[in-house]
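What follows is a set of notes on a single structure, which appears directly below.
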Amino acid sequence: MKRQKFIGSICPILLASMMASPILVSCSKEEEEEEEPAVPLSEEEKAYLETLEKINEDGYFTEGKKLHILLTHERYKELDTIASFVNDMENGLLLLRKTEEHLLAFDNCCPHLGSRNQWTYNNNKFRCNNHGNSFGTSEGFTSYCSSNSRSGNLRQFPLSIFKDLATVDFTI
């Protein structure tokens, strides 16, 4: 009789533990460590991440005829403010924050005599302080570097922005 009593008292416990085991398995550490499936990245997002890895300590990366600029880099932080500009001497560019959404890129070579380092910006014009000539930021009537021009618009390059990465295209 003792045997029947023992089995009678143990069987319900065993049965309960076997029924609970799927619950225990579902709460196991293995499943906690499983990650949810990653959302596939767009081609633009993949290119962005690959380019970020190549940005040098100066905040940019040149790839063929394209220049990629990390706008959050200290060198380009001035561009956070509308109507501010950065004279990027290493890359030959004047970068202008036109509006919150628009950034423009211009050749920083003065159309008059080729000076690159004496620019100021006011009233939608860049002024070369070497001889005091002013040049616009519109398209058309472009004055090119060292062409002895004293007026016109600076040469502009196409620029696109994705997140905090600006890309200037020099293929024109």
Side-chain angles (χ1 to χ4, degrees), residues 33-172:
E33 292 175 6
E34 281 186 35
E35 294 180 21
E36 291 187 30
V39 176
L41 298 175
S42 68
E43 290 303 313
E44 190 174 31
E45 185 74 24
K46 286 179 190 175
Y48 166 78
L49 293 172
E50 288 172 7
T51 302
L52 282 183
E53 291 177 9
K54 298 173 185 175
I55 298 288
N56 66 26
E57 65 277 352
D58 293 325
Y60 65 88
F61 165 67
T62 304
E63 180 178 41
K65 294 197 172 210
K66 292 190 176 184
L67 172 68
H68 306 282
I69 299 168
L70 184 60
L71 297 173
T72 55
H73 188 276
E74 188 61 35
R75 178 181 192 158
Y76 301 102
K77 288 300 277 181
E78 187 71 28
L79 296 171
D80 288 346
T81 307
I82 295 172
S84 65
F85 77 97
V86 169
N87 186 358
D88 186 346
M89 296 286 289
E90 286 183 47
N91 295 302
L93 288 175
L94 290 168
L95 297 165
L96 172 66
R97 171 64 68 186
K98 192 74 171 176
T99 67
E100 186 71 32
E101 299 85 30
H102 293 96
L103 188 65
L104 302 174
F106 302 94
D107 188 347
N108 75 347
C109 182
C110 178
H112 182 220
L113 295 177
S115 180
R116 293 184 180 271
N117 62 348
Q118 299 193 32
W119 294 102
T120 56
Y121 179 75
N122 197 9
N123 295 325
N124 291 321
K125 290 190 177 212
F126 280 101
R127 180 174 189 240
C128 177
N129 292 320
N130 193 28
H131 291 110
N133 298 308
S134 292
F135 301 92
T137 59
S138 300
E139 295 181 23
F141 189 53
T142 302
S143 296
Y144 292 91
C145 179
S146 296
S147 63
N148 207 25
S149 297
R150 294 177 187 217
S151 62
N153 295 310
L154 291 176
R155 181 179 180 198
Q156 188 171 348
F157 300 104
L159 183 145
S160 60
I161 299 175
F162 183 76
K163 295 187 178 187
D164 58 352
L165 189 67
T167 301
V168 181
D169 189 347
F170 293 106
T171 58
I172 63 165

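One-based numbering along the sequence shown. Bear in mind that the values here come from a model prediction, so they are computed numbers and not experimental data. As a basis for the values below, the full set of heavy atoms in this structure was taken, side chains included, without hydrogen atoms, waters or symmetry mates.
Put simply, the side chain of N153 gets close to the backbone of G140: a donor and an acceptor are under 3.5 Å apart. With T99 contributing its side chain and H102 its backbone, the two residues share a donor-acceptor pair below 3.5 Å. In this structure a side-chain-to-backbone donor-acceptor pair under 3.5 Å is missing from N124 to G136. No donor-acceptor pair under 3.5 Å is formed between the side chain of T62 and the backbone N or O of L67. At distances below 3.5 Å, not a single donor-acceptor pair connects side-chain atoms of H112 with backbone N or O atoms of G132.
Separation of atoms NZ (K163) and CG (L52) is listed at 8.5 Å; rounding is to 0.5 Å. In this structure, the separation between CZ on F106 and CG on L159 is 10.0 Å, given to the nearest 0.5 Å. Rounding to the nearest 0.5 angstrom, the gap separating the CZ atom in F162 from the NE2 atom in H68 is 13.0 Å. Atoms CG and OG1, on N122 and T120 in that order, are 7.0 Å from each other to the nearest 0.5 Å. Atoms CG and CZ, from L96 and F85 in turn, are 8.5 Å apart once rounded to the nearest 0.5 Å. Atom CG of L165 and atom CD1 of I69 lie 8.5 Å apart (nearest 0.5 Å).
Side-chain contact check for N133 and R150: no donor-acceptor pair (N or O, by modelled atom type) lies under 3.5 Å. For D107 and Y144, the side-chain atoms include no donor-acceptor pair closer than 3.5 Å. If you check the side chains of D164 and Y48, you find a donor sitting under 3.5 Å from an acceptor.
What you find for S147 and S143 is that their closest heavy atoms are OG-C, 4.5 Å. Residue N108 comes nearest to W119 through the heavy atom pair O-NE1, 2.8 Å, listed as atom of the first residue, atom of the second, then distance. Nearest heavy atoms, C145 versus R116: SG-NH2, 4.2 Å. The heavy-atom pair separating L154 from P111 by the smallest distance is CD2-CD, 3.6 Å. When all heavy atoms of L70 and Y76 are compared, the pair lying nearest together is O-CD1, 3.6 Å. Between F157 and D169, the shortest heavy-atom distance links the atoms CB-O, 3.8 Å.
K98 places none of its side-chain heavy atoms less than 4.5 Å from the side chain of L103. Between S151 and F141 the shortest side-chain heavy-atom distance falls below 4.5 Å. Between L95 and L104, every side-chain heavy-atom pair lies at or beyond the 4.5 Å cut-off.
Heavy-atom neighbours of K54 NZ from other residues, nucleotides or ligands within 6.0 Å: above the threshold of 12. In the displayed structure, N56 atom CG is contacted under 6.0 Å by more than 12 heavy atoms of other residues, nucleotides or ligands.
A salt bridge is defined here as a Lys NZ or Arg NE, NH1 or NH2 lying under 4.0 Å from an Asp or Glu carboxylate O, and E78 with R97 fails to meet this definition. Taking the charged nitrogens against the carboxylate oxygens, K66 and E63 have no contact shorter than 4.0 Å, which rules out a salt bridge. R75 has a carboxylate O that lies under 4.0 Å from a charged side-chain N of E90, or vice versa, which qualifies the two as a salt bridge.
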Determine, stepwise, if the pair K77 / E74 fulfils salt bridge (charged side-chain N to carboxylate O under 4.0 Å, His left out). CA-CA 5 Å; K77 288 300 277 181; E74 188 61 35; over 6 Å; no
Go through the steps for R127 and Q118 under the test side-chain contact (heavy atoms from CB on, under 4.5 Å), then give the verdict. CA-CA 8 Å; R127 180 174 189 240; Q118 299 193 32; over 6 Å; no
Evaluate the criterion side-chain contact (heavy atoms from CB on, under 4.5 Å) for residue pair L113 and H131; output intermediate values, then yes/no. CA-CA 9 Å; L113 295 177; H131 291 110; 3.1 Å; yes
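Checked against the 2.5 Å cut-off, the SG-SG distance between C128 and C110 does not fall under it.
Remark: aromatic rings of F126 and F135 are distant, center separation not under 6.0 Å.
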